[in-house]
Amino acid sequence: MSEFKININLTKNSNINSVDFENIKFGRVNTDHMFICHFKDGKWQDGEIKPFQNISLSPATSALHYGQSIFEGMRCQKSTDGEDILLFRPEENFKRLNLSAKRMCMPEIPEQVFNRGLETLIAIDHEWIPTTQGSGLYIRPFYFASDNFLGVKESEDYIFIIYCCPVNAYYSNPLSVWVEQRYSRATKQGGVGYAKCAGNYAASMYPAKLAKEKGYDQVMWTDSEKHELIEETGTTNIFAQIGGIIVTPSLSDSILPGITRESIITFLKSKNYVVEERELDIHELVEASINGMLKEMWVSGTAATVVNIKRFHFNYKDYEVPMPENGLKDEILQALVGIKRGEIEDSFGWMKKVKPKTSANLA
Ligand SMILES: Cc1ncc(COP(=O)(O)O)c(C=O)c1O
């Protein structure tokens, strides 16, 4: 595409002083601005940064009916000296967004639209990035079909938006999980589980509600055929340490390729841990639990980072999972949090620095 321009229209009424940063509920508070870009006439138009506001849509908006809607979730922090904004592996979110777009038959986002929109937005709203332990700025890029047409076909128009929420740690308490044997999040062959599309999350809500009613925090998803192979937990990937080996389900059509998952595998391998990406059968997990070989389990994701599983329920029985002090979850968490905050050397080349914009350097 030709050179991409962003028009900047700043708010005259910042909300920042009305926010109690110590007590933010996840996803309930947003920063002052948003980035918006339209796809129409077969191409992405110039973008705009403008005050966070409602968007007006026709009742015929295609995404509301047929679900062509995809998103990403990413985080940034401030460096300890406050000089830089630190983004964690943004190019992976960019790639995954386009992977989702392809599967949902949507036009790909050009790299400069994604990067410049993202970087300009967080540079402008940098004062919203909280700095306490576990906190950060959660960034939500998403786009959806915006044709006003009541017919099932891929849309011609799309709206891409990025907005941000200051957040504290998401769920840091160890989780109890319900191993799902009735419902599925995604189908194994040819399905859409690997795409970050809105419908996957809609499909997960009813089983998650039932699990909560039974007293469990999350659903542990299993394969859609036999409900025996473990896939993910809630909206996170899953790891189990069995004996001296760390096992995580191998990627497939039904598993979201988590960026935290991949980072954990890379980190653990760099420390010479043995990591296996393979099928993980619930019966293997039960057996490992009974014979004492199950040493620790945790889930991983951008919002949650890394959280222990303390218990899982399968076939009318609860299995307690050890949560060793200074265990692997702690080692991983320390490393990831340290790298993300710029306190530990980023030997993997994961971090991207963005300079905050002040009124002096705002182009
Ligand atoms: C279904 C699902 N699995 C796993 C993850 C973890 O992915 P990531 O580590 O990239 O946040 C997420 C969160 O995006 C998710 O929604």
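Start at 1 and go down the list; that is how both ligands and their atoms are numbered.
- Here the side chains of Y273 and I332 are not in contact, with every heavy-atom distance at 4.5 Å or above.
- Among protein heavy atoms, atom 7 (O) of ligand 1 sits closest to G258 CA, 3.3 Å.
- Ligand 1 is never approached by G73 to a heavy-atom distance shorter than 4.0 Å.
- Residue-to-ligand polar distances place E232 within reach of ligand 1: an N/O pair is separated by less than 3.5 Å.
- Neither the backbone nor the side chain of A303 comes within contact range of ligand 1; no heavy atom lies under 4.0 Å.
- Taking the side chain as every heavy atom from C-beta outward, W298 and I264 approach each other to under 4.5 Å.
- The closest approach between any non-hydrogen atom of R185 and ligand 1 is below 4.0 Å.
- For the pair S263/F88, a side-chain contact is recorded, criterion being any heavy-atom separation below 4.5 Å from C-beta on.
- Geometrically, ligand 1 and R261 share no nitrogen or oxygen pair separated by less than 3.5 Å.
- Ligand 1 has an N or O atom lying under 3.5 Å from an N or O atom of T302, backbone or side chain.
- Of all atoms in ligand 1, numbered sequentially from 1 with element shown, those under 4.0 Å from a heavy atom of L256 are 2 (C), 3 (N), 4 (C), 5 (C), 7 (O), 12 (C), 14 (O), 15 (C).
- For ligand 1, the atoms closer than 4.0 angstrom to any heavy atom of R96 are 7 (O), 8 (P), 10 (O).
- Heavy atoms of T236 found under 4.0 angstrom from ligand 1 belong exclusively to the backbone.
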